[in-house]
J.: 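Pasting a structure below so you can have a look.
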Amino acid sequence: MSQLFTPARTRGFLRATAAAVALSSVLLTTSCGAADESGGDAKATAAVPAGFPVTVDNCGVRTTYDRPPSRVVTIHQHPAELMLALGLKDRMVGTAFPDSAVLPELKEDYEAVPELAQKEPSFEKVLDAEPDFVYGGYGSAFAEKEGRSRTAFADAGIDTYLNREYCGKKKVTMEDTYDEVRTIGKIFGVADRADKLVTDLKSRVGRAAGKVEGEPDVPVFVYDSGDKAAFTAGGKSLGTELIRLAGGENVFADLDDVFGDVSWEQVIERRPEVIAVYDYAGAGSVEQKKRFLLSQPALADVPAVRNKRFVVLPLTATLVGIRSAYAVDDLARGLHPESFR
């Protein structure tokens, strides 16, 4: 194999260290509410909204919210899109680390939220936005070595929430997406909106899965990045379930991890018929990835390469967030195009 670009390892590393990030803040207990400038607790004097207080356990952190957060910073794109899909733009005072193009229906609202940084912002930069809640997408949102631990935010009087995909759970499914939506809806006092959004997402998945019901499963290889080895989605990833719902089978579903490296010889042996290319900044463009795969003589007889069958998925569509439901439809159309004619 010739070398084209260096495999992206940052995200894989973040996934591998998610459990450690969660454990670093186990049993930390916080509560929503900050003192006003006069030294009194302004929130304590106001009426408690219906349905509050709300207590949530998240990755070992138990938090009681006396009322919905009102000044939110999201770190990473998928938490921001989930917030916007719940109609919570007015609560957002900053976001950071866009992974890919925003869903068209959310683009205007997303661009109205101040961008604090292209990657994870510094602890000080987050504090400058004066949030009362920080919602992180990857474990790196609360990286202790960068000074952004959940304990540091709690000491500053700021509540935090980490996407449940990084709580160290062994396997991620679509139920995690639905539970994430409902939990955020509960924290922000918009449970009715969350229920409606979950219903809409389930309907989207159901329509796509129904179109390919009864069709033979198509072998799929997920290509995230890599040249000397292939960095791919394993059996514990949400991507594996998305492929299954779309009428396919991840050829590396037996890889006992969310992501991992496999050899090109293994890819050749498993003869995928479709390659799902993950698209995100920092790992080469989709066109670079396709050119690399098509230029390798050893891969020439792999059915997916020979027939140039690629399905492109934004990275954000493979994470616990609203995009995963959209990904099922995109995958199903790529795996079984005849079912959508």
J.: What residues, two or more places apart in sequence or in another chain, satisfy ring-ring contact (aromatic ring centres under 6.0 Å, His included) together with Tyr178?
T.: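 Scan of Tyr178 (ring-ring contact (aromatic ring centres under 6.0 Å, His included), adjacent residues dropped) gives none.
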J.: State, with a plain yes or no, whether a side-chain heavy atom of Thr63 is found less than 4.5 Å away from one of Thr55.
T.: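 Heavy-atom side-chain distance check fails, nothing below 4.5 Å.
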J.: Hey, could you give me each pair passing side chain to side chain donor-acceptor pair (under 3.5 Å) that has a residue in residues 303-312? Not counting sequence neighbours.
T.: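 Every candidate side chain to side chain donor-acceptor pair (under 3.5 Å) pair involving residues 303-312 fails, so no pair, neighbours aside, qualifies.
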J.: Give the C-alpha distance, both sets of side-chain angles, the deciding distance and a yes or no for ring-ring contact (aromatic ring centres under 6.0 Å, His included) between Phe231 and Tyr223.
T.: CA-CA 7 Å; Phe231 193 51; Tyr223 182 50; 9.8 Å; no
J.: Evaluate the side-chain proximity of Lys211 to Arg207: yes if any heavy-atom separation is below 4.5 Å, no if none is.
T.: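 Contact flag for Arg207/Lys211 side chains = no.
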J.: Before giving the answer on salt bridge (charged side-chain N to carboxylate O under 4.0 Å, His left out), spell out for Glu81 and Arg323 the whole-Å C-alpha distance, their side-chain angles and the decisive distance to 0.1 Å.
T.: CA-CA 8 Å; Glu81 290 190 329; Arg323 287 285 190 99; 3.0 Å; yes
J.: What's the separation between atom OG1 in Thr160 and atom CG in Asn58, rounded to the nearest 0.5 Å?
T.: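 The CG atom of Asn58 is 7.0 Å from OG1 of Thr160, to the nearest 0.5 Å.
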J.: Does Phe340 share a hydrophobic cluster with Val328, counting links as ILVMFWY side-chain heavy atoms below 4.5 Å and allowing steps through other members?
T.: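 No: no chain of side-chain contacts under 4.5 Å links Phe340 to Val328.
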J.: Given Tyr135, which of Phe188, Tyr161, Phe153 fulfils the ring-ring contact (aromatic ring centres under 6.0 Å, His included) condition?
T.: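 Result for ring-ring contact (aromatic ring centres under 6.0 Å, His included) with Tyr135: Tyr161.
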J.: If you count every heavy atom of other residues, nucleotides or ligands that lies below 6.0 Å from Lys290 atom NZ, does the total exceed 12?
T.: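 Atom NZ in Lys290 is packed in, count exceeds 12.
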J.: Measure the shortest side-chain to side-chain distance between Val277 and Val311 over non-hydrogen atoms and say whether it is less than 4.5 angstrom.
T.: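 No. Closest side-chain heavy atoms not under 4.5 Å.
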J.: Do Ile243 and Leu331 come close enough that some side-chain heavy atom pair is under 4.5 Å?
T.: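 SC-SC contact between Ile243 and Leu331 confirmed.
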J.: State, yes or no, whether a side-chain contact exists between Ser339 and Glu215 at a heavy-atom distance under 4.5 Å.
T.: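 Result yes, sub-4.5 Å side-chain heavy-atom pair found.
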J.: Go through the steps to decide whether Ile322 and Leu103 satisfy the test side chain to side chain contact (heavy atoms under 4.5 Å, CB included), and finish with yes or no.
T.: CA-CA 10 Å; Ile322 62 169; Leu103 282 172; 3.8 Å; yes
J.: If hydrophobic clusters are built by linking Ile, Leu, Val, Met, Phe, Trp and Tyr wherever their side-chain heavy atoms come under 4.5 Å apart, do Val212 and Val251 end up in the same one?
T.: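 Each belongs to a different hydrophobic cluster.
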J.: Are the side chain of Arg193 and the backbone N or O of Leu86 linked by a donor-acceptor pair below 3.5 Å?
T.: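 Checking the backbone N and O of Leu86 against the side chain of Arg193, a donor-acceptor pair under 3.5 Å is found.
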J.: Mind checking the CG-CD1 spacing from Asp301 to Ile268? Nearest 0.5 Å is all I need.
T.: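 Interatomic distance, Asp301 CG to Ile268 CD1, rounded to 0.5 Å: 9.0 Å.
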J.: Between Val222 and Phe252, does a side chain to side chain contact (heavy atoms under 4.5 Å, CB included) hold up when you go through it step by step?
T.: CA-CA 8 Å; Val222 172; Phe252 288 104; over 6 Å; no
J.: I'd like to know if Asp179 and Arg182 make a salt bridge, using a cut-off of under 4.0 Å between side-chain N and carboxylate O.
T.: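 Result for this pair is yes, salt bridge flagged.
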J.: State the CH2-CG distance between Trp264 and Asp227, to the nearest 0.5 angstrom.
T.: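 Trp264 CH2 to Asp227 CG: 8.0 Å, rounded to 0.5 Å.
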J.: Within 45 degrees of the ring normal and closer than 6.0 Å to the centroid, is that where the cationic atom of Arg150 sits relative to Phe142?
T.: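 The answer is yes, since Arg150 meets both limits relative to Phe142.
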J.: Relative to the ring of Tyr166, is the ring of Tyr138 parallel (under 30°), tilted (30 to 60°) or perpendicular (over 60°)?
T.: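 Tyr138 and Tyr166: perpendicular rings.
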J.: Any non-hydrogen side-chain atom of Met83 less than 4.5 Å from a side-chain atom of Thr74?
T.: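 SC-SC contact between Met83 and Thr74 confirmed.
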J.: Just checking Glu213: does its CD atom have more than 12 heavy atoms from other residues, nucleotides or ligands closer to it than 6.0 angstrom?
T.: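 No.
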J.: Kindly indicate whether the side chain of Ile187, heavy atoms from C-beta on, has any atom under 4.5 Å from the side chain of Asp159.
T.: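 SC-SC contact between Ile187 and Asp159 ruled out.
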J.: Looking at Asp200 and Arg204, does any basic side-chain N land under 4.0 Å from a carboxylate oxygen?
T.: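 Salt bridge absent between Asp200 and Arg204.
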J.: Regarding Asp257 and Lys236, does a basic nitrogen lie under 4.0 Å from an acidic carboxylate oxygen?
T.: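 Judged by the 4.0 Å cut-off on N to carboxylate O distance, Asp257 and Lys236 do not form a salt bridge.
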J.: Say whether, by atom type as modelled, one donor and one acceptor occur between the side chain of Asp279 and the main chain of Val312 under 3.5 angstrom.
T.: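 Looks like no, no N/O pair under 3.5 Å.
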J.: Stepwise, does the side chain to side chain contact (heavy atoms under 4.5 Å, CB included) test hold for Gln296 with Phe292?
T.: CA-CA 7 Å; Gln296 303 307 308; Phe292 171 73; 3.4 Å; yes
J.: Taking atom types as modelled, find out whether Glu120 and Ser140 have a side-chain donor-acceptor pair closer than 3.5 angstrom.
T.: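 Distance-only check passes for Glu120 and Ser140.
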J.: Could you go step by step and tell me if Leu242 and Met174 meet the side chain to side chain contact (heavy atoms under 4.5 Å, CB included) rule?
T.: CA-CA 8 Å; Leu242 302 180; Met174 280 300 295; 3.7 Å; yes
J.: So with a 6.0 Å cut-off around CD of Glu115, is the heavy-atom count from everything else above 12?
T.: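 It does: Glu115 CD has more than 12 such atoms within range.
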J.: I'd like to know if the side chain of Thr183 pairs up with that of Arg164 as donor and acceptor (distance under 3.5 Å, no hydrogens or angles considered).
T.: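 A donor-acceptor contact under 3.5 Å links the two side chains.
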J.: Quick one: CZ on Arg270 to CD on Glu249, what's the gap to the nearest 0.5 Å?
T.: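 One gets 10.0 Å once the value is rounded to the nearest 0.5 Å.
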J.: Apply ring-ring contact (aromatic ring centres under 6.0 Å, His included) to the pair Tyr65 and Phe52, showing each step before the final yes or no.
T.: CA-CA 7 Å; Tyr65 300 89; Phe52 284 80; 7.7 Å; no
J.: Going by distance alone, is a donor N or O of one side chain under 3.5 Å from an acceptor N or O of the other, for Ser70 and Asp132?
T.: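 Present: a donor and an acceptor within the cut-off.
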J.: Do the side chains of Val126 and Val134 get nearer than 4.5 Å, heavy atoms only?
T.: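 They are in side-chain contact.
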